[in-house]
Structure formats: structure tokens, C-alpha cells
Student: 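Handing you a structure now.
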2 protein chains.
Amino acid sequence: MDQRSYNQFCATARTLDLVGERWTLLLIRELLTGPKRFGELQNCLRGLGTGLLAARLKHLEREGLIERGTLPPPARTPAYALTAAGRDLEPAILALARWGMTWAMGQPRDDESFEPGWVMLGLKACFDPRAAQRLHAVYEFRIDDDAFYVRIDAGAIEVVHGPAQHPDAVITTTEELFREIAAGRATLGEAFTDGTASATGKPETIRRLAGLFRVPPARARTAAPTP
Amino acid sequence: MDQRSYNQFCATARTLDLVGERWTLLLIRELLTGPKRFGELQNCLRGLGTGLLAARLKHLEREGLIERGTLPPPARTPAYALTAAGRDLEPAILALARWGMTWAMGQPRDDESFEPGWVMLGLKACFDPRAAQRLHAVYEFRIDDDAFYVRIDAGAIEVVHGPAQHPDAVITTTEELFREIAAGRATLGEAFTDGTASATGKPETIRRLAGLFRVPPARARTAAPTP
DNA sequence: CGGCATCCATTTTGATACTG
DNA sequence: CAGTATCAAAATGGATGCCG
């Protein structure tokens with residue numbers, strides 16, 4: 001599982017030697033929004049068996065991409081978190097996500113699973129720092145029984161799985177809307193208008209939210225003439 | 001080979017469904033610097049058998065990421081080129097490369113193969129558009145028997161495998177130097193000084209070259225405290 | 001629940017031989 | 001060369017069962 005290397009002295013190949021195996025990048029994707037426990041990971045990653053999950057976690061820990069630790073004091077249960085090296089994979093994963101938004105999303109198939117966190121990460125991938133100049137705000141998203149918070153700080157964005165401490169605005173909506181957003185059939189702005197999402201908090205903070213993200217238009221993957 | 005899907009309605013997962021299999025991203029990496037033939041691909045990708053290469057090419061063609069065509073008129077031999085969708089994977093591949101430069105390069109192992117093109121792509125990944133303001137120039141790199149050209153156009157960079165038509169400057173050097181650059185033990189600037197690389201052409205164009213790239217410093221992948 | 005071990009059916013892969 | 005055919009060796013997935 002890690003003795004199979006491409007044997008190329010190339011930055012891309014070396015990276016794929018470490019994280020190119022099946023499930024690995026998706027596992028890291030899950031940890032991008034905060035530490036998760038074994039069972040949580042298994043829930044998000046249907047089809048990944050316990051054995052393979054344990055092997056992948058061990059491999060990533062040995063390679064210094066994740067750390068096994070325990071959640072904040074009250075809960076003494078083990079959890080996995082990204083190290084600095086692991087966190088630094090975020091730009092690559094968001095780049096893959098942007099590609100997927102453009103070229104591969106279309107309609108959900110009915111055998112596909114879905115997590116609101118994937119859309120939260122998608123929003124992050126579409127975040128436009130220039131649209132967030134001078135904005136400092138914490139948003140809390142409540143999607144059915146899931147919660148995320150988004151902290152915007154002068155062109156930087158942070159997305160974390162879990163409720164916020166002192167949100168400036170709270171957005172309440174459904175997983176169904178998030179599915180529609182992922183399919184490109186809805187936007188946050190429209191959702192506020194047609195009532196599929198509601199918000200409480202500082203009006204100005206709410207007003208700026210929808211403009212922070214530039215969703216790339218979907219395109220079809222048909223052979224294109226070389227320019 | 002394509003019936004194995006993650007079955008997630010997620011942009012990242014959908015992308016990996018298409019290009020996440022072994023060898024696929026490296027294959028696309030090879031095509032980022034221009035069309036290549038079956039045999040050329042096989043040469044760069046030691047360990048990838050002909051059967052699997054053929055299968056991958058067929059899959060990528062069917063999915064609209066590459067096109068099978070023939071090289072420019074004189075040679076009537078088949079070659080594979082990226083479509084617009086395939087080319088659009090470049091940001092993701094360069095992001096993976098940047099990660100590898102930072103966290104995974106170190107020294108070459110002696111069982112690793114090496115291609116100068118991988119370093120050319122590494123340079124592209126380190127290109128700093130702001131350092132190239134107002135610069136319009138075509139550089140030709142001659143690395144032993146390989147050639148690449150690099151066109152800089154006001155903050156944009158293009159890297160193509162093959163000789164240039166009318167280069168403003170020609171850089172001549174060895175594969176050995178490129179290996180050292182990949183290992184972070186040499187830079188273009190030093191190479192001009194110590195004579196391991198030589199350049200002919202417009203002095204001002206040559207002078208600006210080394211400053212166009214910001215190579216990220218290498219870091220060790222040891223468990224880091226979460227900030 | 002967290003996590004590892006084991007067994008087994010199915011895929012993927014790697015390596016090589018072979019054909020136009 | 002470009003690509004198919006073939007076969008052995010891994011990797012995967014699913015279903016357990018076990019132990020703290």
C-alpha cells in the first residue's frame with residue numbers, strides 16, 4: 001500500500017505516491033473541516049471498509065499528514081486531525097473540486113451519497129477574496145441537523161464543521177437546498193429570496209454573504225478544438 | 001476501470017472518479033506540455049504497461065479529456081492531446097506539484113526515473129505573474145537532447161515540449177542540473193553564475209529569467225501542533 | 001463505539017508475449 | 001511503433017468476529 005511507488009523524481013508523482021491511492025484524498029477532504037473520529041469518517045465514506053480505513057489512517061499518520069489525538073477535554077474519544085503538511089493539501093483538493101464543479105457535476109445520481117460539508121468545501125473553493133475586502137464576520141450554517149461555521153477575515157476564509165461560538169449571522173436551511181446548490185440549480189442568493197433559506201443576525205452581514213462566492217459555470221466535456 | 005465510482009455527489013469525488021485511478025494524472029501531466037505519442041508516453045511512465053496505457057487513453061478519450069489525433073501534417077503518426085477539459089486540470093496538477101516541492105522532494109532515490117519536463121512543469125508551478133509584469137519573451141531550454149520553450153506574456157506563462165521558433169534567449173544546460181534544481185540544491189540563477197548553465201540572446205531577457213519563479217522552501221513532514 | 005484481524009470474491013495492476 | 005491478448009500478483013470490498 002505504500003511500497004507501490006511511481007519511482008519518479010517528480011513533485012507530482014511523489015505527492016501521488018503519498019496520497020494518490022484510492023480514498024486517501026477524500027479522507028483528507030473530510031478532515032479539512034476539522035478533526036473527525038473513526039466512525040464519522042466511515043459514515044462519510046460509504047464503501048470504505050474498516051480495515052482499509054484503519055490502514056489509510058495509519059499510513060497517513062506514519063507519513064506525517066495526520067495526527068491521532070483526542071478531541072478537546074470533555075470528550076476523551078480519539079480523533080484524527082491534519083498536520084500542517086496535511087492541511088497544506090487543501091489548495092490541491094480545492095483545485096480538483098473546482099474542476100469537478102465545472103466539468104463533472106450535472107445531476108445527482110440516486111445511488112450517490114451526499115454530505116452538506118462537501119458543498120461547504122465547494123463554497124470555499126469558490127471564495128473570492130477580493131469580494132471580502134474589509135469584511136470580518138462569522139456565519140453559522142445550520143443544514144438540517146448539521147452545523148458549520150464560516151469565518152471571513154479580510155480576504156481569508158475558514159470553514160469548520162460544528163456550531164459557531166458567536167456568529168454574526170445564522171443561516172438555516174435544508175440538505176435539499178444544498179443538493180440543489182451542488183447541482184448548480186440554486187444559489188444562496190436565490191434561496192434567501194424564495195424562502196428555502198432563512199437568516200438571522202446583522203442585516204449587512206447577511207446581505208454580503210451571497211456575493212462572496214464565484215461559482216464557475218458548468219461546461220460539457222466534449223472534444224474541443226485546440227486553440 | 002470506470003464502473004468503480006465513489007458514488008458521492010461531490011465535486012472532488014466526481015473528479016477523482018474520472019482521473020483518480022493510478023497513472024491517470026501522471027499521464028495528463030505528460031500531455032500538459034504538448035501532444036505525445038503512445039511510445040513517448042510509455043517512455044516517460046516506466047512501469048505502466050501497454051495494456052493499461054491503452055485502457056487509460058481510451059477511457060480519457062471517451063470521457064472527453066483527451067483527443068486522439070495525428071501530429072502536424074508531415075508526420076502522420078497518431079498522437080494524444082488534451083481537450084479544453086483536460087487542459088483545465090493543470091491548476092490541480094500544479095497544486096499537487098507545489099505540495100510535493102514543499103513536502104516530498106528531498107533527494108532522488110537511485111531507482112527513480114527522471115525527465116527534464118517534470119522540472120519545467122515545476123517551474124511553471126512556481127511562476128510568479130507579478131514578477132513578469134510587462135515581460136514578453138520566449139525562452140528556449142536545451143537540456144541535453146531535450147528542448148522546451150517557455151513563452152512569457154504579461155503575467156502568463158506557457159511551457160511546451162519542443163524547440164522554439166524565434167526564441168529571445170536560449171538556455172543550454174544538462175539533465176544533471178535539472179535534477180539538482182528538482183532536489184532544491186541548485187537554482188537557475190546560481191547555475192548561470194557557476195557555469196553549469198549558459199545562455200545566449202538578449203541580455204535583459206536573460207537577466208530577468210531567474211527572478212520569475214518563487215520556489216517554495218522545503219519542509220519536513222513531522223507532526224505539527226494545530227495552531 | 002473504536003479498531004484490528006481474517007477470509008474470500010472481484011478488480012486492478014504489472015509484465016510479457018504477440019500481431020499488424 | 002501502436003496496440004491486443006494473456007496471466008500472475010496485488011489491491012479492494014464486504015462480511016464477519018473479536019477485544020477494550
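In what follows, chains are A, B, ... by sequence order, proteins preceding strands, each numbered from 1. Since the structure is predicted, the reported quantities are computational estimates derived from the model, not experimental observations.
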Student: Have a look at B/G47 and say if it touches a base, only the backbone sugar-phosphate, or nothing, with a 4.0 Å heavy-atom cut-off.
Tutor: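 Answer is sugar-phosphate: B/G47 comes under 4.0 Å of backbone atoms only.
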Student: Starting at atom CG of A/L45, determine the distance to atom C1' of D/dG14, rounded to an integer number of angstrom.
Tutor: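 Taking CG of A/L45 and C1' of D/dG14, I get 16 Å after rounding.
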Student: Any residue in residues 28-44 of chain B with a heavy atom nearer than 4.0 angstrom to DNA chain C? Just list them by number, or reply none.
Tutor: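 DNA chain C contact set from residues 28-44 of chain B: none.
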Student: When you check the phosphate oxygens OP1 and OP2 of D/dG13, does a side-chain N or O of A/W23 lie under 4.0 Å from one of them?
Tutor: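 Affirmative; the distance criterion is met.
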Student: My understanding is that only one of B/E40, B/K36, B/E30, B/M120 makes a side chain to side chain contact (heavy atoms under 4.5 Å, CB included) with B/H161; could you say which?
Tutor: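 Result: among B/E40, B/K36, B/E30, B/M120, B/K36 is the only option passing the side chain to side chain contact (heavy atoms under 4.5 Å, CB included) with B/H161.
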Student: Would you indicate, yes or no, if D/dG13 has its OP1 or OP2 atom less than 4.0 angstrom from a side-chain nitrogen or oxygen of B/Y6?
Tutor: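 B/Y6 to D/dG13 OP1/OP2: no side-chain N or O under 4.0 Å.
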Student: Decide yes or no, distance alone: a donor-acceptor N/O pair under 3.5 angstrom between the base of C/dC4 and the side-chain of A/T50.
Tutor: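 Looking at the base of C/dC4, it does pair with a donor or acceptor on the side chain of A/T50 (distance under 3.5 Å).
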Student: With a 4.0 Å limit, can you tell me whether A/K58 has a side-chain N or O closer than that to the phosphate oxygens OP1/OP2 of C/dG3?
Tutor: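 So the side chain of A/K58 is outside the cut-off, no N or O lying under 4.0 Å from OP1 or OP2 of C/dG3.
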Student: Tell me whether the OP1 or OP2 atom of C/dT13 has a side-chain N or O from B/R56 closer than 4.0 Å.
Tutor: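 The answer is yes; a side-chain N or O of B/R56 sits under 4.0 Å from OP1 or OP2.
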Student: Between A/T12 and B/R29, does any side-chain donor sit less than 3.5 Å from a side-chain acceptor?
Tutor: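 No, no side-chain donor-acceptor contact under 3.5 Å.
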Student: Starting at the 5' end of DNA chain C, write a dot or bracket for each base, bracketing those in Watson-Crick or G-U wobble pairs whose two distances are under 3.5 Å and using | for partners on another strand.
Tutor: .|||||||||||||||||||
Student: Kindly point out which of C/dT13, C/dG3, C/dT12 is positioned nearest to the side chain of B/R4?
Tutor: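 Of the candidates, C/dT12 comes closest.
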Student: Taking CG from B/D17 and P from D/dT12, how many angstroms apart are they, rounded to a whole number?
Tutor: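 Answer to the nearest Å: 15 Å.
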Student: Would you say C/dG14 has OP1 or OP2 under 4.0 Å from some side-chain N or O of B/R22?
Tutor: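 Yes, within the criterion.
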Student: Is it true that A/E61 and A/K58 make a salt bridge, defined as a side-chain N closer than 4.0 Å to a carboxylate O?
Tutor: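 A salt bridge is absent here (no side-chain N lies under 4.0 Å from a carboxylate O).
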Student: How would you label the contact of A/R46 with the nucleic acid (heavy atoms, under 4.0 Å): base, sugar-phosphate, or nothing?
Tutor: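 The answer is nothing, as A/R46 stays clear of every strand by at least 4.0 Å.
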